[in-house]
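Just so you know, these numbers use all the heavy atoms, side chains as well, and skip hydrogens, waters and symmetry mates.
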Amino acid sequence: DTIGNTHDLADAMMKFIIAPASPPQVILDFLGAVALAHDLIVTPVALAWNLEISLLLLTMLVMSEVYWSIDIVVSFRTGYYHQGELEMSAANIARRYIRTTFFLDLAINTVGWLGVVLWFLSLHRSLLTFTRVSRLLRVLAVGRFFRLNDVATRFAKRYAGRNGHLVLQVVELVLFIVYVNHFLGCSWFAMARLYGGDVTWIESLPHDKEDEDIIYLYLTAFHWSLTQMTPGSMQVNATNRYERLFNILALLFGVCFFSSLISTLSGKMARISIERDERNQMLQMLKRFLQQKHVTATLASSIEKQVIQRMNIVKPIAVEDVPALALVSHSLRAELNLEFFEPLLIRHCIFRLIRSLDRTIVHMICSQGIESRTFAGGNSLFIMGSEAEAAYVVASGGVHYALIPELILDDDSGVVDLPPGTWLSEAALWTQWTHVGTAEANTGTEVAVLSSVKIMRLLKNHSIITPFLVEYSDQFLERVVTAAPPRAPWPTDLAVPFADFGEILQSMSLDMRILVGKLALRTLKFRISPGQALTELRDEVKSGRCTLVESSSGEIERVVVVTTLKLCAGKNIFVQLGKWLSGRAEADCKLLGTKQLERESPNGAVNRLIYEELGHVADGVTLLHMESSVEVKESARFRIRTKYMKTVYTAELAAACKMNFPRASITSELESSGNGILRRPSMRRTEIREVFFFRVGASIIL
């Protein structure tokens, strides 16, 4: 119960993890942009003009700090992408945030709240000094400027196309230039306030302008800052040595930094112009082509609209788009491919196993058997009915998959959006496979393509891997061939029923299970201290009583595969009530079930169960449908995860079949007897009218 409650709590906590592109994150980004604008604009003005506290200013300050306090908490619950895979683990999110910007955010937020507190305390005149200190500390809030770039980047990825992304970059540069001048102008005014003992530039203003309101003084300071960055001029000049020094530093800053910003801005504007011209030329060429071929107006309009739409989609950079990679040596390219593809490859247990057996094979697969392809939104990875020559792994972006209508079940739409890390068409690696659906890129998508021919050529002569893959492929093929309703759903490009690595391994020969178990034990012994539990686990693996695997996430787990039968006769359910051991009955109420034998599939297991346990009525049993469930618990004995993979077949017993079993009546003596058969909590809510039983081995079947 404790373990189950822990899993329920973990599932509940997952509901509070925010995906990076989800609507709540969009709202938070918008609020963050507003809060940033407030901090970046108000803070320099408040420091320079030594503004007195007002209800409006205090309200805005408190609201800003409340948002940033909430933002720290939310950052611990916001997922992120790592190597193309969406990471939604709370522990990993917290670890990454603490390593990056947590302490900076905490410092700035703490200083902000300190400023609020000191501002309240400054209502008493004796604490005026503390107020000035708090305002100086508010300079740290300017450090949040770099957060604005993160918000803008997420917005560009989510909404902007290729040209829109360039325009947004230009807007960012213009806003940055304006803000630099805003900050510089406020600093110029602060110089006059700070060194008020000398003659300042404020006093050099015309007498009727010297005491003007804050707006005129701010615009004058902002105008002065612009003249330091451009060839412009104005009548405001430095009047003391401090202002002269500041003026010189501003000019040096403008020469070294501002000129580079202007050149960058000009370059991006020129790039936008060039891309617009190329776009117009492509569209003009398309129109001329359609006109010369006498394409109908309706079809031509549809083609033009689709082309315009797809031209605005940002496509990921492909290897062929980087000419510099042609200069990289073969060995470095192999290392680069390994870094690209290995994290995607080992998400499949069988390739993680191959890496444990021979890491060189994985190097060869990554350099010779996999290639990266990029797809613009709407482009097809494959279409239904085509012969599959490769498997696919989504590296970044997303894929929209639509199943062929003939294979769609009643409770399924047949359409699904696939996130990064998803495998498609794995069956092409182990069988001759024909696509039963169509996969299209949602947006700019990068996909790793695993060539079945190339990979099999690399693996065919390995003394250990080849025999394992031959047996694995045989088991995989059997599941493809036998998967059909009602015994199982149809196999698709996304999944083949009962083809989980642990399920297939459970059906393989004892030698292969021991091989995989020993490799898992080798990994496990480096993670836990040696002891009696590890020794017992090793003995179970060697005897074949335990199936031990390394999961796709790298965790070691025991796999238990069980096939059960829910046999119904009208409203009644046929169950096992107890076991007959040592001359007495012991309570063990459950559905009929069995473990899979060597080289046996779930369909084979349920057939064996029916004919061995219910041989006299087996011909009257009709399978209706099946349900699969996976439950993961921690083994209290071995302290490792145990995955229970249960397949429940629902069947109906024909009304003509007669249960000619010995019959027993339920008596009060039986109910109150000490054997506990009818005293289990699960039996208290069940109305039992008659009991039919017969003995099969040590079981009492009711």
Counting C-beta onward and ignoring hydrogens, is there a side-chain heavy-atom pair between S628 and M626 closer than 4.5 Å?
yes

Minimum side-chain heavy-atom gap E426-H348 below 4.5 Å:
yes

When you compare the side chain of R279 with that of I308, does any pair of heavy atoms fall below 4.5 Å?
yes

Sub-3.5 Å donor-acceptor pair from the side chain of T492 to the main-chain atoms of L494, do we have one?
yes

Using side-chain hydrogen bond (donor to acceptor under 3.5 Å, both in side chains) as the criterion, point out the one residue from N603, T563, N607 that pairs with Y649.
N603

Mind checking the CD1-CH2 spacing from I404 to W490? Nearest 0.5 Å is all I need.
11.0 Å

Parallel, tilted or perpendicular: rings of F468 and Y472 (30°, 60°)
parallel

State whether a side-chain donor-acceptor pair under 3.5 Å links R479 with Q475.
yes

The test is side-chain contact (heavy atoms from CB on, under 4.5 Å); show your working for I370 and V449 and say whether it passes.
CA-CA 5 Å; I370 309 179; V449 182; 5.8 Å; no

Donor-acceptor contact below 3.5 Å, side chain T78 vs main chain I17
no

Test: E342 and R359 ion pair at under 4.0 Å
yes

Check the surroundings of atom CD in Q432: do more than 12 heavy atoms from other residues, nucleotides or ligands lie under 6.0 Å from it?
no

Do L450 and L345 have side-chain heavy atoms sitting under 4.5 Å apart?
yes

Note, F375 side chain near E446 side chain (heavy atom, < 4.5 Å)
no

Using distance only, find each side-chain donor-acceptor pair of residues 508-515 under 3.5 Å and give its atom names and separation, not counting sequence neighbours.
from, atom 1, to, atom 2, distance (Å)
S509, OG, E471, OE1, 3.2
S509, OG, E471, OE2, 3.2
R513, NH1, M508, O, 2.9

Check this for me: E389, atom CD, are more than 12 non-hydrogen atoms of other residues, nucleotides or ligands nearer than 6.0 Å?
no

Can you tell whether the side chains of E278 and R276 come within less than 4.0 Å, N to carboxylate O?
no

Once rounded to the nearest 0.5 Å, what's the spacing between atom CG of D500 and atom OG of S551?
10.5 Å

How close do A388 and S425 get, heavy atom to heavy atom, and via which atoms?
CB-OG, 3.7 Å

Shortest non-hydrogen separation from F102 to I98 and the atoms involved
CB-CA, 3.7 Å

Verify whether one side chain among S89 and R96 offers a donor that lies under 3.5 Å from an acceptor in the other.
no

For residues 447-462, the side chain to side chain donor-acceptor pair (under 3.5 Å) pairs (sequence neighbours left out) are D358-H462

State whether a side-chain donor-acceptor pair under 3.5 Å links R352 with S552.
no

CG on L338 to NE2 on H363, rounded to 0.5 Å
4.5 Å

What residue pairs, at least two apart or across chains, pass side chain to side chain donor-acceptor pair (under 3.5 Å) with a residue in residues 322-333?
S329-S331

Can you name the nearest heavy-atom pair linking A439 to Y401, along with the distance?
CB-CD1, 4.2 Å

Answer yes if the ring centres of Y392 and W423 are under 6.0 angstrom apart, and no otherwise.
no

So among D474, I350, I504, L477, which one has a side chain to side chain contact (heavy atoms under 4.5 Å, CB included) with W430?
I350

Does the S386 side chain pair with the main chain of I383, one donor and one acceptor, at a distance under 3.5 Å?
yes

Salt bridge K646-E627, side-chain N to carboxylate O under 4.0 Å:
no

May I ask you to test the L325-L327 pair for a side-chain heavy-atom distance under 4.5 Å?
no

Between the side chain of D493 and the main-chain N/O of V436, is any donor-acceptor distance below 3.5 Å?
yes

Are any of the side-chain heavy atoms of V559 and L505 separated by less than 4.5 Å?
no

Does F501 CZ have over 12 foreign heavy atoms under 6.0 Å away?
yes

Which heavy-atom pair separates F498 from A488 by the least distance, and what is that distance?
CE1-CB, 3.7 Å

Just how far is it from atom OG1 of T445 to atom CG of L418, taken to the nearest 0.5 Å?
10.0 Å

I'd like to know if the side chain of T466 reaches the main chain of S463, judged simply by a donor and an acceptor atom lying under 3.5 Å from each other, with no hydrogens or angles considered.
no

For residues L429 and M456, report the shortest heavy-atom separation together with the two atoms involved.
O-CE, 3.8 Å

First locate atom CZ of F341, then atom CD1 of I365, and finally report the distance between them rounded to the nearest 0.5 Å.
12.5 Å

Quick one: closest heavy-atom pair of R608 and T594, and the distance?
NH2-OG1, 3.1 Å

In this structure, CG of L458 is separated from CD1 of I354 (nearest 0.5 Å) by 10.0 Å

With side chains defined as the heavy atoms from C-beta onward, is the minimum distance between L353 and L519 less than 4.5 Å?
yes

